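Start at 1 and go down the list; that is how both ligands and their atoms are numbered. Hydrogens, waters and symmetry mates play no part in the numbers below; they use all other heavy atoms, side chains included. Keep in mind the model is a prediction, meaning the values are calculated, not measured.
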Amino acid sequence: MVAMRLIAANWKMNKTISETEEYIKNFIPLVKDINDREILLCPPFTSLQVAGELLKDTNIKLGAQNCFYEKKGAFTGEISLDMIKETGASYVIVGHSERRHIFGEDDELINKKVTAVLEAGLRPILCVGEKLEERNSGITFKVVETQLKIGLSGIEEYIDRIDIAYEPVWAIGTGVPATPEDAKEVHSFIREMLKKLNPDAKGDSRILYGGSVKPENASEFMKYEEINGLLVGTASLDPDSFSKIVKSF
Ligand code: 13P
């Protein structure tokens, strides 16, 4: 049984500490009565602490956008899971397409990060998705299969503690989302893959869709039971717009 559906905001490299404070103060009252779905904000690292303080005792969860897998040491510029955890975050996005394609993260590195997030007792959201040329050459399923197999290698027994985000690269930040039907097809494939990787899993993983989700199209995705939530970039940067997405279904 899939747990509560999850609507997540990925702010990417947006918002200073003071902008984060302003957003959260405006956002809390907009969603305060919602308890039948999970709401998650993933601000940049520098805003995690203030966000954690403001979100304490609310119905809104906190997540990081990335992490490093080592516990501590000479890794200039990196952020450990202990550092993230102390801010009150309970989720970490791992393997976002921008990490893969701008910063060169590969499936093996992403696997180490997902493993480390689990070990820290936090919940990873593993992102997968094909590039446009991969979709056009008909290898979407193959690409997603490889990303899942390597990304979840060695941690298959913990699959219920991991959520997956399907974010086709060509739909991210372009204003051109996948059709809900295309997304649903890939989501079904991901669900089957998770079952194959761990036939004993209860099916608790949420499979989120991400890529040009807006208040106007969110319900089109959420009407399919295969789509267990959304990961929203641009349209999550405004509290009104993100609250409309949270309440769209
Ligand atoms: P957009 O919603 O801006 O397309 O970004 C999606 C995304 O990458 C969320 O992680």
Lys/Arg N to Asp/Glu carboxylate O, K149 vs D107, below 4.0 Å: no

Going by salt bridge (Lys or Arg N to Asp or Glu O under 4.0 Å), name the pairs with one or both residues in residues 18-31, residues two or more places apart or in two chains. none

Under-4.0 Å salt bridge between E98 and K12: yes

Between K195 and E192, is the closest basic N to carboxylate O distance under 4.0 Å? yes

Residue pairs meeting side-chain hydrogen bond (donor to acceptor under 3.5 Å, both in side chains), one or both in residues 159-179, sequence neighbours left out, come to H96-E167, R123-D163, E130-Y166, E130-W170, R135-Y166, D163-R206, T179-D182

Identify all N/O pairs between ligand 1 and the protein with a separation under 3.5 Å and present them as a table of atom names and distances.
{"residue": "ligand 1", "atom": "2 (O)", "partner": "G233", "partner atom": "N", "Å": "2.9"}
{"residue": "ligand 1", "atom": "3 (O)", "partner": "T234", "partner atom": "N", "Å": "2.9"}
{"residue": "ligand 1", "atom": "3 (O)", "partner": "T234", "partner atom": "OG1", "Å": "2.5"}
{"residue": "ligand 1", "atom": "4 (O)", "partner": "G173", "partner atom": "N", "Å": "2.6"}
{"residue": "ligand 1", "atom": "4 (O)", "partner": "S212", "partner atom": "N", "Å": "2.7"}
{"residue": "ligand 1", "atom": "5 (O)", "partner": "K12", "partner atom": "NZ", "Å": "3.1"}
{"residue": "ligand 1", "atom": "8 (O)", "partner": "K12", "partner atom": "NZ", "Å": "2.8"}
{"residue": "ligand 1", "atom": "8 (O)", "partner": "H96", "partner atom": "NE2", "Å": "2.7"}
{"residue": "ligand 1", "atom": "8 (O)", "partner": "E167", "partner atom": "OE1", "Å": "3.4"}
{"residue": "ligand 1", "atom": "10 (O)", "partner": "N10", "partner atom": "ND2", "Å": "3.0"}
{"residue": "ligand 1", "atom": "10 (O)", "partner": "H96", "partner atom": "NE2", "Å": "2.9"}
{"residue": "ligand 1", "atom": "10 (O)", "partner": "E167", "partner atom": "OE1", "Å": "3.1"}
{"residue": "ligand 1", "atom": "10 (O)", "partner": "E167", "partner atom": "OE2", "Å": "2.9"}

Sequence neighbours left out, what pairs pass side-chain hydrogen bond (donor to acceptor under 3.5 Å, both in side chains) with at least one residue falling in residues 230-249? none

